Amino acid sequence: MAQTKLDKQVEKTAEALMFAIGRFLAGRDMDGIRRTDATFFRAGHWVLPKVEGRVSRSSYRAGWQRLMFRISFLGAAGEGSYLLGRHPDTTVQRAQDLWEHQDATLQSLQAGGIGAASAAAAGGLAYRFLTRDRRELMREWVEPLHQALAVPLGIADQQTPRSYLHIPRNFSDDEAQIRVDLPVHLRFSRELVADLITQKLALEGVTFSWHPAGAKPYVLVKKTRRPPAKAAFKDPKVRELVAKAPESAPVIGIGAGGRTVSVDLDAESPHILVNASTGGGKSVTLRCITCQMLHHGAQAYVLDTKRISHPWARGIPAVTYCADIADIHDALVELGWEGRRRVRVADELGIDADPDAIGPRLLILLEEVNATMKQLARYWEKTRESGDPKVSPAVDALNEILYMGRQVRMHVLLVAQSATARALGGPEVREQFATRILARYSVNAWRMLAPEIHPAPKSTKHAGRAQVVIGGTARETQVLFFTDAEARQWATTGPATTDRRRAAVPAQPDPVQLHKPPAARPADVLTEAWNNPLVGPPLPTTEPTPAADRDVLADAWSLTPPALAVGPGDAAADTTPAETPPADPAPVDDDQAVGLREAHKHHLPGITLAALRYARAHDSSFPGSVDERGAELLYRLGDLKRWARNRPRAASGTTDPG
């Protein structure tokens, strides 16, 4: 029998009633539309796709919470109905009494209404007063941030901002923490999201900690206290901090919250890379680290093609200053031999050996690696002979030192304006620098040297401010500032203040002979190089001066500034320029002792006698005398030549000697 229209309506009504009961008991929206990802046991965070219209706050609650609210409301309504139905006579009697005493009833209602209205008004004002900060936070910061993030994060416009943006009212204070819940799909740009957060909340000096794993990904944005504006060594607190620093962990600077930023060369990173543009404080950073290491008895080799980067270090007994490319080449080859010797010593002594038995720390400051590497390559092209390797042995020696690690106590401090893999000799060489100090860097430089940290912190032109990257963490740091006088004083007042020049590197074979093929080496050099594998080969008695170096020396002589004016008591011969040496002079014994007049006439014709005398009195790096001839002081010729090659050059047109 066909159903009547009434039967269909009854079935439809019964079905709708059953669905309504099910939604009621399940804690779902009564209209049957699911608007959020909330379940019966878990609260929701996100509005579902294709949802239209406004989404109420109750839609984010878990189903059991909404069910408890509904049951409580129905229970209260049922209790009132029950009490009214149980005592109908009493209720009717009370209504009659109120009707008979209308005036009294109206007065009571009027007084009660006024009291209720006053209470409601006071409560409303108190609520508005107590929540004004939260409402201002939502209106000025949270909702604008939500509008900016909705599209990049791929979330619905109806999303309630407070459901995923957890921003405290004091979010601009130090140590404040902001949490932003992220969609599970993670199909967004981290850099774009981080940039929008910092811009819309006007944040500076914040760090982003991304947690993409699991069903509830999120990012924490933490605002930290900035480092101090200055960190000068003359400050007693800073000086005390430096004095207490361990021998293997020099202080680099002061970080956020007054925390000390340092690097342990024995535990964290044996080598340090400093990358900064011009004026970024590269020399200041190296001066800070080097003078602390010298204070504790380390030795330093300053390889400075700019010649004037570290004037404070010239003349310090523990420092070998090499500014001429030929000396830099020979020093690196010599250091490579020292590294191999230390490896053999460490192998012989075993793992429990005293580190001091291997040798004192050796610090190698390589300034402006971009230019130095090119000059080393050009120098080797000029000096290499048939059968020599194509790659400079100095570059090979530097790479060996970088790979040797912390066990040999040799540490490279490398400075670059752009530390590209090509400039350093390959990406594997760059990976040897676990500690990287970046200042005034570009976005490309940050991506190249610290790609694991993103977004990149904003670069600043604040003097002395740098980012110290260690172990995948960047710490904003105010680098300690030593004046030249302070650095020199601290470097020379450590536990070992005696003459330590080149004491850390035992005598090595002639580097010019050692990089030649075995057939071309003199027999005595080969014998002495390999007969003593533990101590290392001795250095020949004469300092090598290869013929190819003459071009370099000639170039250096051509840059020598004009001589000083002659004093009234000086002889005419003292200022007469020496004749140009022959094109192919006879070999000269660099170990002989000569006076300044003889050195000027026959060996250093590009430097006047007045300039030599001035340097003797004022240049701390001028070599000491080795003998006397009557009243005349004598100097080792090889020392004078080395000083001449590495002395600072005066500016063009100046009258300063040397």
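Fair warning: this is a prediction, and the values are worked out from it, not measured in the lab.
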Just so I know, are the side chains of [X] and [Y] near enough to count as touching, which here means a heavy-atom distance under 4.5 Å?
X      : Y      : answer
Thr477 : Pro227 : no
Gln417 : Lys282 : yes
Asp639 : Arg642 : no
Glu632 : Glu628 : no
Val395 : Leu398 : no
Leu362 : Glu338 : yes
Thr473 : Val469 : no
Trp643 : Ile607 : yes

[atom1] of [X] to [atom2] of [Y]: how many Å apart, nearest 0.5 Å?
X      : Y      : atom1 : atom2 : answer
Leu265 : Thr435 : CG    : OG1   : 8.0 Å
Leu332 : Ser392 : CG    : OG    : 8.0 Å
Lys306 : Thr372 : NZ    : OG1   : 10.0 Å
Leu633 : Leu596 : CG    : CG    : 7.5 Å
Leu363 : Leu413 : CG    : CG    : 5.0 Å
Asp324 : Cys322 : CG    : SG    : 9.0 Å

Where do [X] and [Y] come nearest, in terms of heavy atoms and distance?
X      : Y      : result
Leu449 : Pro451 : C-CD, 3.4 Å
Arg636 : Val626 : N-CG2, 3.8 Å
Gly339 : Met410 : CA-SD, 3.5 Å
Leu604 : Ala644 : CD2-CB, 4.0 Å
Pro360 : Gly297 : CB-O, 4.1 Å
Ala491 : Trp312 : CB-CZ3, 4.1 Å

Q. With sequence neighbours excluded, what pairs up with Phe433 under the ring pair (Phe, Tyr, Trp, His ring centres under 6.0 Å) test?
A. none

Under 3.5 Å, side chain of [X] to main-chain N/O of [Y], donor-acceptor pair present?
X      : Y      : value
Trp446 : Ile453 : yes
His271 : Val412 : yes
Thr285 : Ser283 : no
Ser262 : Val251 : no
Arg409 : Gly359 : yes
Arg430 : Leu273 : no
Asn370 : Ser418 : yes
Arg384 : Glu381 : no
Asp304 : Ile308 : yes
Glu334 : Asp330 : no

Q: Look at the aromatic rings of Trp380 and His329 and report parallel, tilted or perpendicular, splitting at 30° and 60°.
A: parallel

**Q.** Stepwise side-chain contact (heavy atoms from CB on, under 4.5 Å) check, Leu414 with Ile272
**A.** CA-CA 6 Å; Leu414 188 143; Ile272 300 175; over 6 Å; no

NZ/NE/NH1/NH2 to OD/OE distance under 4.0 Å, [X] and [Y]:
X      : Y      : value
Glu486 : Lys234 : no
Arg361 : Asp266 : yes
Glu240 : Lys244 : yes

Q: Pick out which of Val238, Asp235, Val284 makes a side chain to side chain contact (heavy atoms under 4.5 Å, CB included) with Phe481.
A: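 In the set Val238, Asp235, Val284, the residue that makes a side chain to side chain contact (heavy atoms under 4.5 Å, CB included) with Phe481 is Val284.
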
Q: Output, in order, the C-alpha distance, side-chain angles, deciding distance and verdict of side-chain contact (heavy atoms from CB on, under 4.5 Å) for Ile470 and Val263.
A: CA-CA 8 Å; Ile470 304 176; Val263 54; 4.2 Å; yes

Q. Strictly under 6.0 Å, is that where the ring centroids of Tyr321 and Tyr301 end up?
A. no

Q: Hey, could you give me each pair passing ring pair (Phe, Tyr, Trp, His ring centres under 6.0 Å) that has a residue in residues 230-264? Not counting sequence neighbours.
A: Phe233-Phe482, Phe233-Trp490

**Q.** Full working for side-chain contact (heavy atoms from CB on, under 4.5 Å) between Leu286 and Glu367
**A.** CA-CA 9 Å; Leu286 263 65; Glu367 278 278 358; 4.0 Å; yes

Q.
Looking only at side-chain N and O atoms, does His310 offer a donor or acceptor that is under 3.5 Å from a partner on Arg287?
A.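 Their side chains do not contain a donor-acceptor pair, so the 3.5 Å distance test is not met.
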
Q) Can you find a side-chain donor-acceptor pair between Asp327 and Asn646 that sits under 3.5 Å? A)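 Present: a donor and an acceptor within the cut-off.
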
Q. Which residues pass the side chain to side chain donor-acceptor pair (under 3.5 Å) test with Gln467, sequence neighbours left out?
A. none

Q: Report the C-alpha separation of Leu612 and His600 in whole Å, then their side-chain angles, then the decisive distance to 0.1 Å, and conclude whether the side-chain contact (heavy atoms from CB on, under 4.5 Å) test is met.
A: CA-CA 8 Å; Leu612 289 173; His600 156 67; 3.9 Å; yes

Q: Could you walk me through whether Arg307 and Glu368 pass the salt bridge (charged side-chain N to carboxylate O under 4.0 Å, His left out) test, one step at a time?
A: CA-CA 11 Å; Arg307 315 187 76 90; Glu368 299 299 345; over 6 Å; no

